[in-house]
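Remember, predicted model here, so these are calculated numbers, not experimental data. Each chain gets a letter, A, B and so on, in the order the sequences are listed, and its residues count up from 1.
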Amino acid sequence: MPELPEVETIRLGLQNKIIGLTIKQVELLTPKSFQGNPKDITGKKIVGLWRRAKILGVVLESDFTMLIHLKMSGQLVYDSGKRPALPDGSRGRFIGGHPTPDMELQMPNRSTRVIFTFDDPLRPRSETSGSKLYFNDQRRFGWVKIVDSGQGIVDSLLNNLGPEPLEKEFTWQILRQNLLRHKTLPIKVALLDQSIVSGIGNIYASEACFNAKINPKTSISNLSDKQFKDLHKGILKALQDGIKHGGSTRTNFVDSEGRRGYFLDYAFVYWRDKEPCRVCNTTIEKIQLRGRGTYYCPSCQK
DNA sequence: CACTTGACCTGTCCGC
DNA sequence: TGCGGACAGGTCAAGT
């Protein structure tokens, strides 16, 4: 579920917490979730943190970068060790009405795969002190990968990705050009293709089509230039709104402090089938496209 | 070549 | 109550 806005929310939260910290220990509770040698990053200081598409990069001094993909159910939760990891305010309702079991708020929990412990500058001699970063992943699709920072290795792993939608080089003309490589695809399916535009997943693909007033089934070859422009704007709005509300939590997304995101309280179509359109009151419909749930307003999106 | 399906996983929900 | 099956959705490999 983490898409660009969710990963960006995590990056923004971690940025002022872990840069400058030194990794003291790496514990692999689920070794399969971690590729590479933990020794390559142990004792190294974190000097940078970036996001490309849905991938986070943790840059370490002297040669290594740790790439993290959260896939469906990944979380990165930071615990300073100085106060409760998860403030009481986070124990809110989840969409769908599931109260959050306290157990899931404890770190570590049964979905914790990797624990990073940092040197605590305040208590450098203690073995047990130090803040921690927990990589949790219920479904184990996500991964952490240690790669050499140099020799273009990181670039080669990222170079099949399409443009970053929130960067200025992502124009409507670029969007059109990349989409026209696949003339017959339904537009919503194409938006999930990371080589066309990166970072969009199933939630924001439906929302972007709604914002542009385009039916998600529409074949790319049938789109006008006005519709490419509207789609470009619709993508930006969906992603920016997602970031503004701290991401989308349908089941288990949380930010770096364990807090849910609120975008779905403002979404127009995603997970709103059988509910009235916020614009025209028509009942929102759900269909399957390429096996993925797709939501739209049959009246606003002809 | 264009496109679809299956695999990877776990947890929840629904019908019988 | 228990059980089987569908569903959730990111990405890649394999299949049509």
Side-chain angles (χ1 to χ4, degrees), chain A residues 1-8 10 29-35 51-56 67-76 93-101 103-105 108-114 135-145 156-162 165 178-209 216-221 238-239 242 247-254 260-261 263-264 267 269-274 286-295:
Chain A
M1 182 166 37
E3 308 179 23
L4 185 154
E6 288 72 34
V7 181
E8 182 66 7
I10 289 171
L29 286 68
T30 303
K32 234 188 132 179
S33 299
F34 190 99
Q35 304 166 35
R51 178 192 59 73
R52 173 81 172 94
K54 304 170 188 173
I55 296 172
L56 272 180
L67 303 180
I68 302 173
H69 200 307
L70 302 173
K71 291 287 181 86
M72 310 292 297
S73 60
Q75 303 175 335
L76 283 172
R93 65 212 156 77
F94 269 48
I95 288 183
H98 306 293
T100 311
M103 198 190 78
E104 298 301 327
L105 297 175
N109 59 43
R110 67 182 150 177
S111 71
T112 300
R113 308 301 170 196
V114 184
F135 173 65
N136 306 320
D137 184 21
Q138 176 187 100
R139 297 175 67 175
R140 309 190 197 196
F141 288 174
W143 44 255
V144 178
K145 192 182 302 197
S156 71
L157 289 169
L158 302 176
N159 72 359
N160 286 329
L161 292 170
N178 290 356
L179 284 170
L180 286 175
R181 299 198 308 249
H182 309 261
K183 297 187 195 315
T184 64
L185 272 189
I187 181 59
K188 186 264 187 176
V189 171
L191 292 181
L192 297 175
D193 184 332
Q194 301 298 297
S195 71
I196 292 174
V197 49
S198 65
I200 299 174
N202 208 40
I203 295 173
Y204 298 95
S206 282
E207 291 297 315
C209 288
K217 296 186 293 260
T218 310
S219 166
I220 290 168
S221 58
L239 298 176
S248 299
T249 298
R250 195 181 69 73
T251 53
N252 62 8
F253 169 74
V254 293
R260 55 161 294 186
F263 175 73
L264 292 184
V269 289
Y270 183 80
W271 214 254
R272 296 196 70 245
D273 52 312
K274 299 175 185 163
K286 178 184 182 182
I287 57 173
Q288 296 286 123
L289 284 183
R290 274 277 177 84
R292 319 292 275 278
T294 300
Y295 303 81

Polar atom pairs between nucleotides 14-16 of chain C and protein, under 3.5 Å, N or O only, would you list them?
none

May I ask you to verify if any side-chain N or O of [X] is less than 4.0 angstrom from the OP1 or OP2 atom of [N]?
X	N	answer
A/Arg181	B/dA2	no
A/His69	C/dT11	yes
A/Gln194	C/dT11	yes
A/Lys54	C/dT11	yes

Write down the atom of A/Arg52, the atom of A/Ser198, and the distance for their closest heavy-atom approach.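 In this case the closest contact between A/Arg52 and A/Ser198 is NH1-OG, 3.2 Å.
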Convert the base pairs of DNA chain C into dot-bracket notation, remembering that pairs crossing earlier ones are written with [ ] and that bases paired across to another strand are shown as |; include only Watson-Crick or G-U pairs under 3.5 Å. .|||||||.|||||||
[X] side chain, from C-beta outward: closest of [options]:
X	options	answer
A/Arg140	B/dC9, C/dT11, C/dA8	B/dC9
A/Gln138	B/dC9, C/dG10, B/dG11	B/dG11
A/Arg290	C/dT11, B/dT5, C/dA8	B/dT5
A/Tyr270	C/dA8, C/dG10, B/dG11	C/dA8
A/Arg110	C/dG10, B/dG11, C/dA8	B/dG11

By a 5.5 angstrom centroid cut-off and a 30 degree plane limit, is there stacking between A/Phe141 and B/dC8?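 Stacking is present between B/dC8 and A/Phe141, given that their ring centres fall under 5.5 Å apart and the planes under 30°.
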Taking only the P atom of each, what is the distance from B/dC9 to C/dC3 in whole angstrom?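 Each nucleotide's P atom is 24 Å from the other's.
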With rounding to the closest Å, how many angstrom separate the C1' atoms on C/dA6 and B/dG6?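 That atom pair is separated by 16 Å.
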Pairwise side-chain contact, A/Lys54 with A/Pro2, heavy-atom cut-off 4.5 Å (strictly under):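 Counting from C-beta outward, A/Lys54 and A/Pro2 never come under 4.5 Å.
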